[in-house]
Structure formats: C-alpha cells, structure tokens
Undergrad: 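The structure follows.
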Amino acid sequence: MIVYDHLLEDEGAIHIPFALSFFVTITTIVGQLKQFLIDLKNHVCHEIPDINIEQMDVDKIMSPKFKRDMEGFGNITMRELLEKLFGSLLDKTPLEFFYAIRDNVVQMVQHVVEIRKVLDDSKPELFGQYICRRIREGNYDDVKEEYHKGKKNHCEITMEMLQEKQEQVLKRYLDKGIMRFAKRPTKMKMQIVDYDFHIAHQDYDLEDVKEYKMAYTQMMDYATRNEEMLCVNYNKYGKYVFTNYDKFSEGQKPALLELCVILDLIHKDMVELKPELGKYLGITNDEGIEGTRYFAIYINLLKMFEEPWFKEFRSEKKYNIEWIKRFLDDLLRSEWRDAIADEWQKPEKRLSLRCAIIGALKDVGVIKGSYRAISMSINLKDEQIDTLAKYMGYGKNLPFFEWIDSYVKG
C-alpha cells in the first residue's frame, strides 16, 4: 500500500495488477490467520505472531489513493478491464509471457546504450537548453519561497548583501558534493582561482580545508564571474550533470539544479539594482524573459499585437493574445534571440523588424489579408501605409522565417 501511494496518476494499467495482487495477498493472509487461530485453540503455536496490534487499523492500512483510483474506473468489471488493458497478452502461456517481457528488456538495454552514445556525441547546447528548461518549468516553489523569506530579514537589498548571498549559496551546494565527479584540478588552477574572494564572503569562523578549495576550483571550470555575477555555463555544466547523473545519490540530484535556480533569483535582484547587468542573465526564470535584454523587445512587439487590427486580421480565434505571448516568448528564447536583439539595438531597424514579423505571420497563415490592408489598420500615420506594407514583405527574408513557419505548423 505504501508503494502504491507513490505511483503516478497516469499509470492506470499498473493499478489493476496491484489491485489483483492486493486481493490475492490479503485473502492468503486471512486464510493463514484463520488457521493460526484454529491451531491456537487446539493449544498449538508454530511461530511467534510478529504483529504490532496498534497498527491494526483498517483506515491506516487501506490507501485512500487506492479507493480513488478504483472509483475512477467507473462501473466496468474487472474482466472487461483486463481485456481492455491486457487483451493481447491473456492468451499467452506464462512462459510465452516471460519471453515477451525479456524481448522488451533486450530492447530497453539497446535503447539505453544508443541514448548514451547519442548523448556523448551531442553538442553542448543540447545540455544547456535542458538545464534552462528544467529551471524554467520545474517545481522549485519551496526553494523560491525560502529565498524570498530570507530577503525579508533585510531592511534593504544591497549589491553587497546579494554578493554575500551568492557566495554562501554556492558553498552550501558545494558542501552537498555536487562536484564530486568533476575532473580534479591542477595545482596551477588551485593557485590562480579566485578562492580568496569567495572565502571572504563566508562566515568568519569557517574552517578552511583543502578539499573544499578543490571543490570550488572544480566548480569554476563550469562558471565565470561577470562583474558582480557568478554565471554558470549551462552548456558545460549540463554536460557534466548528464554524464554523471546516475552516480549521484537521490539526495544530491535535486541540488544540481537548485543551485542554478537560486543563483538566477539572486541575479535578477542584482539586475534590479544595476540594470546593465541584464546582459549577463540567462533566460531561465519561470517569469518569462523579464529582466533580460530581450524583455523590451517582447513588450514592444506585444503592444503592437494588442492593437485592434490583430483581432480583425487573425485567421482563427485560437490566435489570441495568449498565443501571441507564447509565440514571442518562445521566439525570444530561441537560437535567434541574440540576432533579433542585435538588430533591435539599431533604432532605424525597429520598425522594419516589427513589420517583417507581422508579414511572416501573415505568410504562414496566422494573419489573413494583404500587406496593404493590414498596414492601413495599424495605428500609425497614413503616409506610412506603403512603407509598412513594404516592410511586411520582408517577412519571408527574415533569417528566422523557417523557425516561425515550423512553430506555427508544429
């Protein structure tokens, strides 16, 4: 029952075998207890009853999840369920069933070996993208709540306080052993690493040990200091995590990404105090791209689509503002984000870029109508109508047009 409570909700095909095994097990136990009682009454005891009578509570033994899952199947009978879930297997002999399982185990082993080979040959960007996505989409509510609770202990958030927090957080996670499988550093690296800066931000009574300095030096193979920020290279760090993940203990595995989550929160607060640091921020936080160099572009483009013209010219109702928000957010997280940001830095290019994106969305079917008809409805001066229409025609020439086309069709 304890194991059952930890099953995922989507494992419905496993719930029924568990139910059957529960029934077989409990009926066997009841039969044994009945015989034990008969023997006792005949003044015979074959073994000590190793049972804690205080635990003999039906409501404590029975899993509430088990009842909910069984109710979820409705009025269908067990026979019908078995046929539905395992119909193709019911006519096999037990030995045939064994070999069917073995064949799948063979495939599993082959797939795992192939996956490892592909991962070994993959570009570093694959690992960095995974780390970013996990930080952005993972459930780290407890970690974030603890961080924000800690901030409330300070009357004022300062850069000095954030730097101290950054270094102390790093130490806390290094102490968990997250670098235990990293390559051992050379003596030269141990000598030139900025360990004194890092250690100066720790508690005054910290005992300085060689093993910790080695762990810090190992970490700095995967991170760089950009002004006040300690920035983890997600591509390199992600490769390290993927390569060694199965070797870490279950307690260490969450720490591998929690460190990145907390550093991201600290860096966002640093940008609040010093906006020019935004250029170093990775776009990993779950609040979108706020605080990065791409956020101004996102807001500017979003406001353009919030005008009445978009609702008038969209091809389907599903293309609403929420869809536009996701599209722009994904675009500015894509591999084209820096090219777009570099173009946006040129004020004379911004109008043509905005119009080209509109034109591209028209060309892939999100927007209907002609370039000129759309430009006439956009809230700009009349004399710009022809210019806007011309810029919209540039959409097909955007270097990320294929990305937009695939995004809409996929």
Side-chain angles (χ1 to χ4, degrees), residues 123-138 140 143-144 147 151 157-176 178-179 182-183 185 189 192-202 213 215-243 254-296 332-335 337-339 341-342:
K123 294 181 179 179
E125 289 77 15
L126 179 142
F127 308 105
Q129 290 167 4
Y130 171 84
I131 295 293
C132 290
R133 188 172 68 254
R134 289 292 299 128
I135 295 171
R136 186 172 69 246
E137 299 174 357
Y140 297 102
V143 174
K144 295 173 183 177
Y147 174 75
K151 282 173 57 177
I157 305 300
T158 65
M159 190 65 73
E160 181 181 1
M161 181 270 285
L162 291 172
Q163 275 199 289
E164 183 178 286
K165 179 72 172 176
Q166 175 180 252
E167 303 307 314
Q168 292 181 357
V169 162
L170 177 58
K171 182 184 184 305
R172 178 168 24 125
Y173 282 91
L174 288 177
D175 285 342
K176 292 177 183 287
I178 63 172
M179 286 288 108
K183 180 182 177 182
K189 283 187 177 180
I192 64 176
V193 74
D194 60 344
Y195 181 69
D196 290 341
F197 173 84
H198 168 70
I199 216 70
H201 290 83
Q202 309 301 327
K213 183 176 182 180
Y216 176 77
T217 306
Q218 289 171 312
M219 183 68 209
M220 292 310 292
D221 267 347
Y222 301 92
T224 55
R225 291 197 179 275
N226 296 316
E227 300 182 53
E228 288 88 347
M229 287 184 177
L230 175 69
C231 299
V232 177
N233 182 319
Y234 293 134
N235 291 347
K236 291 180 65 177
Y237 184 67
K239 175 74 171 179
Y240 166 72
V241 170
F242 266 71
T243 302
L256 295 167
L257 293 185
E258 284 178 6
L259 170 63
C260 299
V261 172
I262 301 178
L263 288 179
D264 186 55
L265 293 171
I266 294 171
H267 294 167
K268 285 170 59 182
D269 284 338
M270 286 182 171
V271 172
E272 289 289 325
L273 298 176
K274 193 174 178 182
E276 58 267 32
L277 293 177
K279 61 187 176 182
Y280 300 123
L281 272 183
I283 45 178
T284 61
N285 58 78
D286 64 343
E287 297 172 330
I289 54 176
E290 185 175 354
T292 71
R293 65 189 290 227
Y294 317 102
F295 188 60
L332 292 170
R333 291 182 187 277
S334 74
E335 66 270 26
R337 60 182 181 266
D338 289 321
D342 291 343

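Residue numbers run from 1 in the order of the sequence given. Computed from a prediction, not measured in an experiment: that's the story for all the values here.
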Undergrad: Which atoms form the tightest heavy-atom contact between Thr217 and Pro185, and what is the distance?
TA: CG2-CB, 3.6 Å
Undergrad: Looking at CD1 of Ile266 and CG of Leu230, how far apart are the two atoms once the value is rounded to the nearest 0.5 Å?
TA: 9.5 Å
Undergrad: If you measure from CD on Glu335 to CD on Gln129, what distance do you get to the nearest 0.5 Å?
TA: 7.5 Å
Undergrad: Check side-chain contact (heavy atoms from CB on, under 4.5 Å) between Met161 and all other residues, then give those that pass, not counting sequence neighbours.
TA: His154, Ile157, Thr158
Undergrad: Going by side-chain hydrogen bond (donor to acceptor under 3.5 Å, both in side chains), name the residues that satisfy it together with Lys165, two or more places apart in sequence or in a different chain.
TA: none
Undergrad: Kindly write out the residues that satisfy side-chain hydrogen bond (donor to acceptor under 3.5 Å, both in side chains) with Asn235, not counting sequence neighbours, or none if the list is empty.
TA: none
Undergrad: Between Arg225 and Glu167, does at least one N-O distance fall below 4.0 Å, as a salt bridge requires?
TA: yes
Undergrad: Quick one: does Tyr140's side chain have a donor or acceptor within less than 3.5 Å of a partner on Leu257's backbone?
TA: no
Undergrad: Quick one: does His201's side chain have a donor or acceptor within less than 3.5 Å of a partner on Glu160's backbone?
TA: no
Undergrad: Is the side chain of Arg172 donor-acceptor paired with the backbone N or O of Gln168 at a distance under 3.5 Å, no angle test?
TA: no
Undergrad: Run the salt bridge (charged side-chain N to carboxylate O under 4.0 Å, His left out) test on Asp264 and Lys268 for me, step by step, so that the C-alpha distance in whole Å, both residues' side-chain angles and the decisive distance to 0.1 Å come before the verdict.
TA: CA-CA 6 Å; Asp264 186 55; Lys268 285 170 59 182; 5.4 Å; no
Undergrad: Strictly by modelled atom types, are Glu228 and His267 linked by a side-chain donor-acceptor pair under 3.5 Å?
TA: no
Undergrad: For the backbone of Lys236 and the side chain of Asn233, can you confirm whether one donor and one acceptor N or O come within less than 3.5 Å of each other?
TA: yes
Undergrad: Mind checking what makes side-chain contact (heavy atoms from CB on, under 4.5 Å) contact with Ile199, not counting sequence neighbours?
TA: Tyr195, Gln202, Leu206, Tyr212
Undergrad: Check Gly238 against Phe127 and note the closest heavy-atom contact, atom names and distance.
TA: C-CB, 3.5 Å
Undergrad: So, taking the atom named CD1 in Ile262 and the one named OH in Tyr147, what distance separates them when rounded to the nearest 0.5 Å?
TA: 9.5 Å
Undergrad: Among Lys213, Met179, Lys189, Lys183, whose side chain to side chain contact (heavy atoms under 4.5 Å, CB included) with Gln218 holds?
TA: Met179
Undergrad: Going by the rule side-chain contact (heavy atoms from CB on, under 4.5 Å), which residues pair with Ala255 if we only count those two or more places apart in sequence or in a different chain?
TA: Tyr173, Lys176, Ile178
Undergrad: What distance do Met219 atom CE and Leu259 atom CG have between them, rounded to the nearest 0.5 Å?
TA: 5.5 Å
Undergrad: Take Met270 and Glu227 through the side chain to side chain contact (heavy atoms under 4.5 Å, CB included) test and state the conclusion after the steps.
TA: CA-CA 11 Å; Met270 286 182 171; Glu227 300 182 53; over 6 Å; no
Undergrad: Just by distance, do the side chain of Arg134 and the backbone of Ile131 share a donor-acceptor pair under 3.5 Å?
TA: no
Undergrad: Kindly say whether the aromatic ring centers of Tyr234 and Tyr130 come within a distance under 6.0 Å.
TA: no
Undergrad: Quick one: do the Asp194 and Tyr216 side chains pair a donor with an acceptor below 3.5 Å?
TA: yes
Undergrad: Can you classify the ring geometry of Tyr222 versus Tyr240 as parallel (below 30°), tilted (30 to 60°) or perpendicular (above 60°)?
TA: tilted
Undergrad: Test of understanding: with side-chain contact (heavy atoms from CB on, under 4.5 Å), list the residues that count as partners of Ala200, not counting sequence neighbours.
TA: none
